[in-house]
Amino acid sequence: MATEVKTIEPKEPALTRAWNWLTDTQIWKSIFRHGAPVTDRNRVLVMLSNVFLHLHPIRIRKSGVKLRYTWCMGGLSFFLFLVLTFTGLLLMFYYRPTLEYAYSDIVGLREHVPLGIMREMHRWGAHAMVITVWLHMFRVFMTGSYKPPREFNWNVGVIMLVLTLLLSFTGYLLPWDQLAIWAITVGSNMARATPFLGHEGPGAALLAFGDVKLIHAGDDARFALLGGTFVGEGALLRFYVLHCVGLPLAIAVLMAVHFWRVRKDGGISGPL
Amino acid sequence: MHLLKDLVNFLADPRIYFVLAVGMLGVLVWQRNRLASGRVGYGLMAFLTVFFLFGSFDRNFRLIVTKPDNVPIVGLIFVLLFFTWYAMAEAVKNDQRLEVGKPPIEKEEENRVWVWPDLVYTELIALVLCSVILIVWSIFLKAPLEQPANRAATPNPSKAPWYFLGLQEMLVYFDPWLAGVVLPGLIIVGLMAIPYIDMNPKGNGYYTFKERKAEITIFLFGFAVLWVSLIVLGTFLRGPNWNFFGPFEYWDIHKLLPLTNVNLSEYFWVRMLGRGLPTNWAVREFPGILVMIVYLGVLPAVLARGWFKAYYEKMGAARYHVGVFLFLMMMLLPVKMLTRWLFNLKYIVAIHEYFFNI
Ligand code: HEM
């Protein structure tokens, strides 16, 4: 890291010399285009030339960097999302979403994989992310940061909140144990009662040609969700695909929009 | 000891629990100047810690609190109470400054600082701390894995994932089409509508309560009381058959609670008029339908002339009506709770013929 320059005392000429040599190599200079960010000029350059850092502005309101103001909850939500992506990827090496293997792959994960805390990190990280996203929303509300010009970003946030819950919900099914299928059964049974689109929902009976019902257990909202009339093989595959591909892609795109808008709306909010 | 446990069990009864939660919010809003001191906030955390430590000596309490998936909700109780208090305390600080003509703290911290190092290092520390907590948590608490999925063996209770337990709790008062579809949909719509309904230009970018009393109180009621406190209720206090169990109570599958709930139609036709229920559903449910029309259709218009006149004039007709509709839909839950507890009311409108029950 370029910051290490700070720890180098002028009294240690050997180290200083080594450092100077290192930062003068072609390799180093091909990676870092400027000196350590200890001067104002380099503090600007580091933000502009690094793709990860350029999500940030160069300078920011003092209140905005304080824990007191943001509680760091947006940042933690994002960090947890990254942790979940990484641990989730590792879990995908071991897990096959079929009735035959799903449960036993999870058993295998817990019994045969050394130092296996990936499943734990993924599960507790997911719970934690739900909580941090709620608290982030709570903070944004309490500082009135949804008010103009940030109305739209609040809306992007609400959609990400829903996606976070859906990610968590679809993941809950994958271990394919009693906890999983019954929680998803209870949750998805609600879709049966969707007005007009669920076969036990109000108004569904009205959608019929004479005696032929348009909405029945085999084609209603719940069927679309589960790919069947109960939580079975179809549901497992659907939830797996949504959980590992569909929803993460959607939320990642929205996060890009979210961060972009934080910048474009004038950075972290503050009194006008 | 036993007395204390019985008292907690008694206070945890959904009716008392809910009234207590609303009461706590009321006290927070009303006595906010006193409660804003650090002593209150950290005292509250200490009290909670002692409560959970003390509780964990009890077998039933330990069973429900240490269930792996319930551990995050214990954390949720702590962080929710802490941040609710904290946000209020910061708001009070700013309000007191505003009162003596000083700008809010955020205004004084308006000057810009360098993102490197000020923000980048904060982020790094947060990231390291968060990783450490998550790793330690993962080492000490195994992720749960129960018996393989078996469609023939329904567990009792069957619970949705914890973040949906507030919705599952609503099933006590509403049919699935409302509790599971329409009301959750309206929560999302309502959240998205907030920035477009709230016309108050003040309180943008700093903590304050005084300048946004109604907004904050309504939001706290929806978020802290209706959403989170019902999740806590659903997680810790609902056992087999979704019956209520105190935190120190044994989950007895055979616990029987008398259910004698009565529809509004029966109240009207049978008990008031002393005749049988009409066979035609439109006639039978006429009183309930009327109640709903008055609640959602007439009430907003009446309020626009009376209590909410100032809001109506400030917000304009469209914002006002959308806002009041969403608010009344949210209040449908406490209204239904109260009528259930006070009059054993089951449904206001009960058109079973079309699965249309309210
Ligand atoms: C998936 C989850 C989310 C992530 C990763 C995320 C991330 C962030 C980050 C990093 C910030 C910068 C300031 C801060 O940390 O507080 C931010 C700001 C903001 N977020 Fe989110 N957010 C998420 C969900 C939400 C939700 C659910 C809402 C609202 C319903 C929301 C609304 C906003 C708004 C309005 C701002 C601007 C705040 C200001 O300028 O003070 N976000 N978000």
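Bear in mind the structure is a predicted one, so any value in this text is a computation, not a measurement. Order of the sequence lines sets the chain letters (A, B, ...), proteins ahead of strands, with each chain counted from 1.
Going from atom CG of L53(A) over to atom CH2 of W116(B) covers 6.0 Å, rounded to the nearest 0.5 Å. Atom OG of residue S138(B) and atom CE of residue M118(A) lie 8.5 Å apart, to the nearest 0.5 angstrom. Rounded to the nearest 0.5 Å, atoms CD1 (I188(B)) and CG (L161(A)) are 8.0 Å apart. How far OG1 of T154(B) is from CD1 of I181(A): 8.5 Å, rounded to the nearest 0.5 Å. Within the model, atoms NE2 of H127(A) and CG of L134(B) stand 11.5 Å from one another, a figure rounded to the nearest 0.5 Å. Once rounded to the nearest 0.5 Å, the distance linking CE of M192(B) with CZ of F152(A) reads 8.5 Å.
Within 6.0 Å of atom CZ in F78(B), more than 12 heavy atoms from other residues, nucleotides or ligands are found, so the atom counts as buried in its surroundings. At most 12 non-hydrogen atoms from other residues, nucleotides or ligands lie less than 6.0 angstrom from CZ of R41(A).
Interface remark: of the candidates Y196(B), Y354(B), W114(B), W162(B), W114(B) forms the most heavy-atom pairs closer than 4.5 Å to chain A. Contact tally against chain A (heavy-atom pairs below 4.5 Å) for T122(B), L167(B), I187(B), L127(B): the top residue is L127(B). Here Y163(B) is the residue among F164(B), Y163(B), F356(B) with the most heavy-atom pairs under 4.5 Å with chain A. Contact tally against chain A (heavy-atom pairs below 4.5 Å) for N200(B), L80(B), T208(B): the top residue is N200(B). The candidate with the highest count of non-hydrogen atom pairs below 4.5 Å against chain A, out of I139(B), I135(B), N357(B), T84(B), is T84(B). Contact tally against chain A (heavy-atom pairs below 4.5 Å) for P68(B), A224(B), A179(B): the top residue is P68(B).
Contacts between M47(A) and chain B at a heavy-atom distance below 4.5 Å involve the side chain alone, from C-beta outward. No part of I133(B) comes within reach of chain A, as not one of its non-hydrogen atoms sits under 4.5 angstrom from that chain. With a 4.5 angstrom heavy-atom cutoff, E108(B) does not touch chain A via any of its atoms. Contacts between F79(A) and chain B at a heavy-atom distance below 4.5 Å involve the side chain alone, from C-beta outward. The part of V181(B) that comes within reach of chain A is its side chain, from C-beta onward, which places non-hydrogen atoms under 4.5 angstrom from that chain. For S168(A), the parts lying under 4.5 angstrom from a heavy atom of chain B are both the backbone and the side chain. Contact annotation for I105(B): only side-chain heavy atoms (C-beta onward) come within less than 4.5 Å of a heavy atom of chain A. Residue contact with chain B, scored on non-hydrogen atoms closer than 4.5 Å, is absent for V140(A). With a threshold of 4.5 angstrom between heavy atoms, V71(B) does not approach chain A through any atom at all. Residue contact with chain B, scored on non-hydrogen atoms closer than 4.5 Å, is absent for N189(A). Using a 4.5 Å cut-off between heavy atoms, L179(A) contacts chain B through both its backbone and its side chain. Looking at V65(A), the atoms closer than 4.5 Å to chain B (heavy atoms on both sides) sit in the backbone and in the side chain alike.
Ring pair Y207(B)/W71(A) is parallel by interplanar angle, where below 30° counts as parallel and above 60° as perpendicular. The aromatic rings of W124(A) and W137(B) lie parallel to each other, their planes meeting at an angle below 30°, with 60° marking the opposite boundary. The aromatic rings of F223(B) and W134(A) lie perpendicular to each other, with more than 60° between the two planes, well past the 30° mark.
Closest heavy-atom contact between D177(A) and E146(B): OD2-N, 2.8 Å. Across all their heavy atoms, R123(A) and P144(B) have their closest contact at NE-CD, 3.5 Å. Pairing each heavy atom of L80(A) with each of C130(B), the nearest pair is CD2-SG, 4.1 Å. Shown here for P175(A) and L145(B), the closest heavy-atom pair between the two residues is CB-CD1, 4.1 Å. Between M137(A) and F219(B) the shortest heavy-atom distance is CE-CZ, 4.1 Å. Here the shortest heavy-atom pairing between A126(B) and L76(A) reads O-CD2, 4.2 Å.
Not a single donor-acceptor pair under 3.5 Å links the side chain of Y172(A) to the backbone N or O of A160(B). Judged by distance alone, with hydrogens and angles left aside, the side-chain atoms of R61(A) form no donor-acceptor pair with the main-chain N or O of K107(B) at under 3.5 Å. A donor-acceptor contact shorter than 3.5 Å is absent between the side chain of R150(A) and the backbone of P195(B). Between the side chain of N150(B) and the main chain of Q178(A), no donor-acceptor pair closer than 3.5 Å is present.
Salt bridge E215(B)/K147(A): present, at least one basic N to carboxylate O contact under 4.0 Å. Under a 4.0 Å N-O distance rule, the pair E90(B)/R139(A) does not qualify as a salt bridge. Of the charged side-chain nitrogens involved, none lies within less than 4.0 Å of a carboxylate oxygen, so that K62(A) and E110(B) do not count as a salt-bridged pair. The existence of a salt bridge linking E120(A) and K142(B) is confirmed by a sub-4.0 Å separation between a basic side-chain nitrogen and an acidic carboxylate oxygen.
With respect to P176(B), the side chain to side chain contact (heavy atoms under 4.5 Å, CB included) criterion is satisfied by exactly one of E200(A), M190(A), R192(A): M190(A).
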Would you sort out whether Y146(A) and D198(B) count as a side-chain hydrogen bond (donor to acceptor under 3.5 Å, both in side chains), showing the intermediate values? CA-CA 10 Å; Y146(A) 58 85; D198(B) 178 4; 2.4 Å; yes
R68(A) vs E106(B), test: salt bridge (Lys or Arg N to Asp or Glu O under 4.0 Å). Steps then yes/no. CA-CA 10 Å; R68(A) 164 186 178 273; E106(B) 290 83 350; 3.2 Å; yes
